[in-house]
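Reviewing the structure listed below.
Both backbone and side-chain heavy atoms feed into the values below; hydrogens, waters and symmetry mates do not. For reference, positions follow the sequence shown, starting with 1.
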Amino acid sequence: MGITQVTASVRNPARPTKLWEGLFLVDTGAVDCMVPGKHLRALGLKPRGKRTYELADGSEVTLNVTVAEVEFMGETVGATVIYGPDDAEPIIGVTARESVGIEVDP
């Protein structure tokens with residue numbers, strides 16, 4: 001299966017006119033979305049908690065999360081978004097995709 005990407009934008013629900021747009025990897029193994037933390041901070045989003053995630057190599061990492069509006073393919077959803085490293089590739093997770101009725105057909 002090849003790499004699937006989609007252009008998406010992220011908004012702070014409290015400041016809907018501000019947004020960040022990027023090219024997101026559609027990751028069939030990721031539950032939540034991930035955005036480089038610097039972009040979430042620039043939108044004025046604050047961490048609302050922490051979650052522990054298991055990586056592909058079996059190791060675990062605990063990262064800050066928040067709630068943001070994520071828009072892609074003409075739909076907008078409220079989604080849990082992970083504060084990724086500032087150089088991380090953005091990811092669209094399964095919960096955001098399923099919220100708008102989109103599934104990946106390998």
Side-chain angles (χ1 to χ4, degrees):
M1 184 166 100
I3 293 174
T4 303
Q5 295 178 308
V6 64
T7 300
S9 58
V10 179
R11 287 185 180 84
N12 179 339
R15 297 167 144 179
T17 57
K18 281 188 84 167
L19 66 89
W20 176 77
E21 184 176 272
L23 188 61
F24 285 64
L25 174 68
V26 178
D27 187 341
T28 58
V31 174
D32 296 324
C33 297
M34 183 172 68
V35 172
K38 64 183 178 184
H39 300 303
L40 298 176
R41 290 187 295 275
L43 292 172
L45 289 162
K46 304 286 185 207
R48 298 182 78 179
K50 292 181 180 286
R51 288 198 181 165
T52 301
Y53 296 93
E54 183 177 350
L55 304 179
D57 67 1
S59 64
E60 291 185 347
V61 61
T62 300
L63 299 167
N64 288 324
V65 296
T66 193
V67 175
E69 290 182 357
V70 179
E71 182 179 348
F72 61 102
M73 298 181 72
E75 300 285 343
T76 302
V77 297
T80 298
V81 180
I82 303 165
Y83 280 75
D86 287 345
D87 62 348
E89 179 174 18
I91 292 173
I92 292 284
V94 69
T95 53
R97 290 192 319 274
E98 287 182 351
S99 293
V100 299
I102 295 171
E103 59 184 67
V104 177
D105 181 4

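In terms of hydrophobic clustering, with Ile, Leu, Val, Met, Phe, Trp and Tyr side chains grouped at heavy-atom distances under 4.5 Å, Leu55 and Val31 are assigned to different clusters. Both Val26 and Val77 belong to a common hydrophobic cluster when Ile, Leu, Val, Met, Phe, Trp and Tyr are linked at side-chain heavy-atom distances under 4.5 angstrom. At a threshold of 4.5 Å between side-chain heavy atoms, the hydrophobic network of Ile, Leu, Val, Met, Phe, Trp and Tyr places Leu63 and Val67 in two separate groups. Side-chain heavy atoms closer than 4.5 Å link hydrophobic residues (I, L, V, M, F, W, Y) into clusters, and following such links, possibly through other members, connects Val6 to Val70.
Among residues at least two apart or in separate chains, side-chain hydrogen bond (donor to acceptor under 3.5 Å, both in side chains) pairs with a member in residues 87-98 are Gln5-Glu89. Listed by first then second residue, pairs satisfying side-chain hydrogen bond (donor to acceptor under 3.5 Å, both in side chains) with a partner in residues 65-78 read Arg11-Glu71, not counting sequence neighbours. Applying the ring pair (Phe, Tyr, Trp, His ring centres under 6.0 Å) test to residues at least two apart or on different chains, the pairs with a partner in residues 35-86 are Trp20-His39. For residues 56-65, no residue pair satisfies the salt bridge (charged side-chain N to carboxylate O under 4.0 Å, His left out) rule, not counting sequence neighbours. Within the structure, every pair that satisfies the salt bridge (charged side-chain N to carboxylate O under 4.0 Å, His left out) test and touches residues 25-34, not counting sequence neighbours, is listed here: Asp32-Arg51.
When the side-chain contact (heavy atoms from CB on, under 4.5 Å) test is applied to Thr62, the partners found at least two apart in sequence or on another chain are Lys50, Thr52. Not counting sequence neighbours, the partners of Asp86 by the salt bridge (Lys or Arg N to Asp or Glu O under 4.0 Å) test are Arg41. Ala88 is linked by a side-chain contact (heavy atoms from CB on, under 4.5 Å) to Met34, Pro85, counting only residues two or more places apart in sequence or in another chain.
Taking CD1 of Ile91 as the start and CG of Leu25 as the end, the distance is 5.5 Å to the nearest 0.5 Å. For the atom pair CG of Leu23 and CD1 of Ile92, the computed distance is 10.0 Å after rounding to the nearest 0.5 Å.
Minimum interatomic distance between Cys33 and Gly93 (heavy atoms only, all atoms of both residues): SG-N, 3.6 Å.
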How far apart are the C-alpha atoms of Thr28 and Val94, what are their side-chain angles, what is the distance that settles it, and do they pass the side chain to side chain contact (heavy atoms under 4.5 Å, CB included) test?
-> CA-CA 6 Å; Thr28 58; Val94 69; over 6 Å; no
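Remark: of the listed residues Leu45, Val10, Ile82, Val10 is the sole one forming a side chain to side chain contact (heavy atoms under 4.5 Å, CB included) with Val35.
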